[in-house]
Trainee: 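Before I ask anything, let me first share the structure, which is written out below as structure tokens.
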Amino acid sequence: MINHMWRVGDITITRLVEVQATMPGGPDGPLPDATPDKVMKMRWLYPAFADALGLLKMSVHALLIQTPDKRIVVDTCIGNGKERTSDHFNRLNTSFLADLESLGWTRDSIDGVLCTHLHIDHVGWNTMWDGSRWVPTFPKAKYYMGRVEYEFWSRELRGEDVTPGKTAETLAWMDTRATFEDSVQPVIDAKLVELVEVDAQIAPGIRLMHTPGHTPGHVSVVIESGGSRAVITGDMLHHPCQLAAHNWASGFDTDSQESTRTRQSFCEEFADTQTLIIGTHWAGPTAGRVVRDEGGYRLEL
Ligand SMILES: [Zn+2]
């Protein structure tokens with residue numbers, strides 16, 4: 001589904017959806033505190049970001065940044081054919097790659113792949129199955145991954161206790177090892193990965209912003225051109241409801257206190273500015289501006 005494009009100076013950002021779903025908050029969903037009764041009280045979420053039952057509308061999509069001379073894919077979703085524990089992710093067979101190519105974004109034409117972090121739903125299309133093994137989907141691209149993020153997951157896979165308080169069940173659900181082996185290691189082996197710092201400049205007008213808490217090395221992406229600015233959130237903000245309730249951490253945040261602080265400072269910095277905030281898992285219109293509202297914040301479309 002290709003139905004949103006934003007312009008920031010001479011840069012465009014296009015949303016390419018892999019899957020969309022309506023999910024409950026609460027204990028069985030991505031945001032345990034976002035129970036239907038609380039969500040239904042946030043009337044500004046309607047109709048774009050929540051349904052009549054108080055369920056959260058969510059999306060997994062890539063954001064395609066076209067600068068005057070570079071094509072960069074931010075986050076590569078879940079991918080096809082990957083064996084995963086969760087039914088949401090297991091052995092997908094979507095038209096994502098064909099949809100990308102229908103935009104003229106052929107696999108060979110992509111200059112860069114940028115991963116906000118290395119979770120299962122952000123690295124999937126880094127690779128594809130060629131019939132015998134996982135190979136880089138974009139053979140001419142440089143894959144930008146955060147050095148802090150990469151080192152964190154490397155420690156995790158060596159068995160160090162890097163996520164105290166997280167149950168083995170949660171980590172298993174995230175398929176950390178399988179994700180690393182089929183979607184990260186093959187691009188490292190192909191020497192396509194450049195490990196970058198949390199505030200790296202990726203290309204003219206595109207830089208990273210450290211937004212830790214969901215993972216220690218998590219970054220958001222700042223796009224600036226012609227006096228305009230946009231920020232791609234990554235999973236610092238899974239859903240716009242977290243603008244109003246910063247402490248509604250995801251069950252998958254490695255440090256929910258830190259992610260809460262990150263959301264607070266992010267809102268303070270960007271509220272009531274013209275900066276366009278583009279959500280990595282925000283469904284519907286996917287983007288808007290943060291405004292102050294009754295002592296908190298909300299999204300204005
Ligand atoms: Zn995610």
Side-chain angles (χ1 to χ4, degrees), residues 15-25 28-34 49 55-64 73-80 82 84-90 92 94 96 113-127 143-146 148-150 152-153 156 163 166 170-176 178-180 182-184 208-221 231-243 248-256 258-260 262-263 266 277-284 286-287:
R15 183 187 78 167
L16 181 61
V17 172
E18 184 184 50
V19 288
Q20 291 192 315
T22 301
M23 306 183 84
D28 299 325
L31 294 173
D33 297 305
F49 303 114
L55 304 189
L56 305 171
K57 295 182 182 177
M58 307 281 293
S59 174
V60 177
H61 48 247
L63 292 161
L64 315 177
V73 179
V74 179
D75 286 336
T76 58
C77 306
I78 299 161
N80 273 5
K82 306 247 155 126
R84 300 294 187 237
T85 306
S86 162
D87 289 342
H88 294 296
F89 302 141
N90 189 40
L92 294 195
T94 73
F96 180 89
V113 172
L114 177 50
C115 302
T116 59
H117 61 301
L118 299 181
H119 273 167
I120 186 169
D121 53 326
H122 297 262
V123 298
W125 278 108
N126 282 1
T127 59
Y143 285 69
Y144 301 98
M145 296 179 187
V148 174
E149 182 75 5
Y150 177 79
F152 172 78
W153 291 111
E156 157 102 16
T163 49
K166 293 284 150 182
T170 303
L171 294 171
W173 195 87
M174 295 298 286
D175 284 315
T176 305
T179 298
F180 218 81
D182 62 32
S183 302
V184 175
L208 305 183
M209 172 185 180
H210 194 202
T211 45
H214 182 59
T215 62
H218 186 277
V219 292
S220 301
V221 185
V231 180
I232 295 172
T233 61
D235 283 5
M236 163 189 55
L237 284 154
H238 280 82
H239 189 276
C241 68
Q242 292 171 288
L243 294 167
W248 288 4
S250 161
F252 303 114
D253 289 357
T254 55
D255 184 336
S256 56
E258 186 172 47
S259 72
T260 297
T262 292
R263 283 184 283 276
F266 182 85
I277 310 300
I278 305 174
T280 293
H281 287 309
W282 298 1
T286 297

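Just follow the structure's listing: the first ligand is 1, and inside any ligand the first atom is 1. No hydrogens, no waters, no symmetry mates; every other heavy atom, side chains included, goes into these values.
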Trainee: Do any N/O/S atoms of H119 come under 2.8 Å of the Zn ion (ligand 1)?
Mentor: no
Trainee: Establish, yes or no, whether a centroid distance under 6.0 Å links the rings of H281 and H122.
Mentor: yes
Trainee: Return the name of the atom in D235, of element N, O or S, nearest to the Zn ion (ligand 1).
Mentor: OD2
Trainee: Using ring centroids (six-membered ring only for Trp), state whether H117 and W153 fall under 6.0 Å.
Mentor: no
Trainee: Starting from the Zn ion (ligand 1), look over the N/O/S atoms of D121 and name the nearest one.
Mentor: OD2
Trainee: Are the side chains of Q20 and V60 in contact, using a 4.5 Å heavy-atom criterion?
Mentor: no
Trainee: Does R84 pair with D121 as a salt bridge, N-O distance under 4.0 Å?
Mentor: no
Trainee: In H281, what N, O or S atom is nearest to the Zn ion (ligand 1), if we give its atom name?
Mentor: NE2
